[in-house]
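The chains referred to below are lettered A, B, ... by the order of the sequence lines, with proteins before strands, and numbering in each begins at 1. Computed over heavy atoms, backbone and side chain alike; hydrogens, waters and symmetry mates excluded.
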Protein chains: 2
Amino acid sequence: MDQKTEITADDTSQGRIRQENIERIMKAAEHVFAANGFRGATTAAIAKEAGLPKANIHYYFGTKAKLYRAVLDDILVLWLSSFREIGENDDPATTLADYIRAKMQLSQNRPNASKVFANELIRGAPRINSYLESELKDWVEEKAAILDHWIEEGRMAPVDSKRLIFHIWAMTQTWADFEVQWAAVLGRKKKLKAEDFDAATDFIVSMVLRTCGLQPIPPRS
Amino acid sequence: MDQKTEITADDTSQGRIRQENIERIMKAAEHVFAANGFRGATTAAIAKEAGLPKANIHYYFGTKAKLYRAVLDDILVLWLSSFREIGENDDPATTLADYIRAKMQLSQNRPNASKVFANELIRGAPRINSYLESELKDWVEEKAAILDHWIEEGRMAPVDSKRLIFHIWAMTQTWADFEVQWAAVLGRKKKLKAEDFDAATDFIVSMVLRTCGLQPIPPRS
DNA sequence: ATAGAACTTGACCGTTTGGTCAGGTTTTGT
DNA sequence: ACAAAACCTGACCAAACGGTCAAGTTCTAT
């Protein structure tokens, strides 16, 4: 009668079958939500991609909205955990480069996560506004303060630290969200090659470090 | 019987009422498609926002798919026409700065156009792949050649010209597509202020010009 | 003035949607 | 071995969907 098993994404308490199926469903859901947005995605499409009857996904997640939330929560955890700890005593150049590389690998390895997040933002982020206004805002302010500290110590050139972070995000995320566009312009067949991601990573690192006066500008020919 | 009036977006041949209604519907459609994607958007929602009965929008556009195409075509024209002509004899610094400013104004003034385009790309661009592979690719290659020419002449530092263009797009579009995110992090109430766009524009211009060796890096304190 | 073209729209239709449920099978702890 | 818990799923439902249509109203050229 009462199906109050209270399913959460990280329910490790019991059930091998449960874990396997939840994983399978969420992977399929991430893909379908990425490709169609929340409203455009159908539970039938998710079920088909997961290779399960539709009723089965409702058994585990109840409603489409709850499944979406679970996918979204998974992504937010991934997002925040990807941000390596930055300390005031670290080297500015290597810290920035490492961070860009980490974000870029996320774009390459988890493009659907990035797309679901992008979809949510485009829609006005109705479900994650509190996350943006709290965790994310705090994270940015904390990291920006460290950059400002470095600037004050003369360890890098003065830049608008918050906006630097914003644009690093913009540049790294574009390679996941708009992959088809860059693939088409570069003459690739739908998918980018690994070397495209490498070249983009190097470019962004170079651009950011030059902006911060941490890498010399090559002389004009 | 046969309603073969062949409606195109730029049908100026006749009909004051026709033009007015088509404009109203397309504006509403752009908003609804931006907020929900093609699959997630409903003709009822578009009709409601346009202030017309649903049957009326079918009278003018036939199907949801045709309406979407019309909106998309409108955006592609806007996109390409926004790219000012660049000549080999222009000044690199002012040309790049002007271009960034133009793209940024599009983000500020037509965010829904940007969002519809972004949605289409995230989905894999099923309807505009030929545009990406032809017009857009050609445009990028043409402009990149001019940048390369400038580099060869020693008028700017060597950079990967195509990737520079890609990342300018990424940085300018993020202010339209992900406005809520930046508004939340900056502590604004949902919408960014005009000064936020101005500050972002200055930052991107500065970043690009520094990268190209066209603007001195401020000394460390 | 008037006839034909253009525009309007409530009511309707077949399909797809998210979600439910009863009755079954499998797994698990003892 | 066996009962309880967990899992499975075809069949079903009301609501929402894209689209149609016939009967009307308004506009426009002569």
_Which residues share a side-chain hydrogen bond (donor to acceptor under 3.5 Å, both in side chains) with Ser161(A), sequence neighbours left out_ = Asp148(A)

_Partners meeting side-chain hydrogen bond (donor to acceptor under 3.5 Å, both in side chains) with Lys137(A) (sequence neighbours left out)_ = Glu141(A)

In whole Å, what is the span from the [atom1] atom of [X] to the [atom2] atom of [N]?
| X | N | atom1 | atom2 | value |
| --- | --- | --- | --- | --- |
| Lys64(B) | dA16(D) | NZ | P | 16 Å |
| Asn56(B) | dC21(D) | CG | P | 17 Å |
| Arg24(A) | dC7(D) | CZ | P | 14 Å |
| Glu20(B) | dT26(D) | CD | C1' | 14 Å |

*Tell me yes or no: between the side chains of Thr174(B) and Trp182(B), is some donor less than 3.5 Å from an acceptor?*
yes

Using ring pair (Phe, Tyr, Trp, His ring centres under 6.0 Å) as the criterion, list what pairs up with [X], not counting sequence neighbours.
| X | value |
| --- | --- |
| Phe38(A) | Tyr68(A) |
| Phe117(B) | Trp79(B) |
| Tyr131(A) | none |

*Work out how much the helix from dA1(C)-dT30(D) to dT30(C)-dA1(D) bends between its end axes, five pairs an end, to the nearest 10 degrees.*
30°

*With sequence neighbours excluded, residues passing salt bridge (Lys or Arg N to Asp or Glu O under 4.0 Å) with Glu88(A)*: none

*Sorted by first residue and then second, give each salt bridge (charged side-chain N to carboxylate O under 4.0 Å, His left out) pair with at least one member in residues 54-68 of chain B; sequence neighbours left out.*
none

*Below 3.5 Å, does any donor atom in the side chain of Lys54(A) face an acceptor in the base of dG18(C), or the other way round?*
yes

*Going by heavy atoms closer than 4.0 Å, what residues in residues 37-48 of chain B are next to DNA chain C?*
Arg39(B)

Taking distance alone, no hydrogens or angles, what donor-acceptor pairs closer than 3.5 Å link side-chain atoms of residues 105-112 of chain B to residues at least two apart or in another chain?
residue	atom	partner	partner atom	Å
Ser107(B)	OG	Thr172(B)	O	2.8
Asn109(B)	ND2	Gln105(B)	O	3.2
Arg110(B)	NH2	Glu30(B)	OE1	2.9

Donor-acceptor pairs under 3.5 Å, side chain of residues 41-49 of chain A to any protein atom, not counting sequence neighbours: which ones?
residue	atom	partner	partner atom	Å
Thr42(A)	OG1	Ala45(A)	N	3.0
Glu49(A)	OE1	His31(A)	ND1	3.0
Glu49(A)	OE2	His31(A)	ND1	2.5

Output one line per pair: protein atom, nucleotide atom from nucleotides 27-30 of chain D, and distance, for all N/O pairs under 3.5 Å.
residue	atom	partner	partner atom	Å
dT28(D)	OP1	Arg16(B)	NH1	3.4

*Under 4.0 Å between a side-chain N/O of Tyr59(B) and OP1 or OP2 of dC21(D), yes or no?*
no

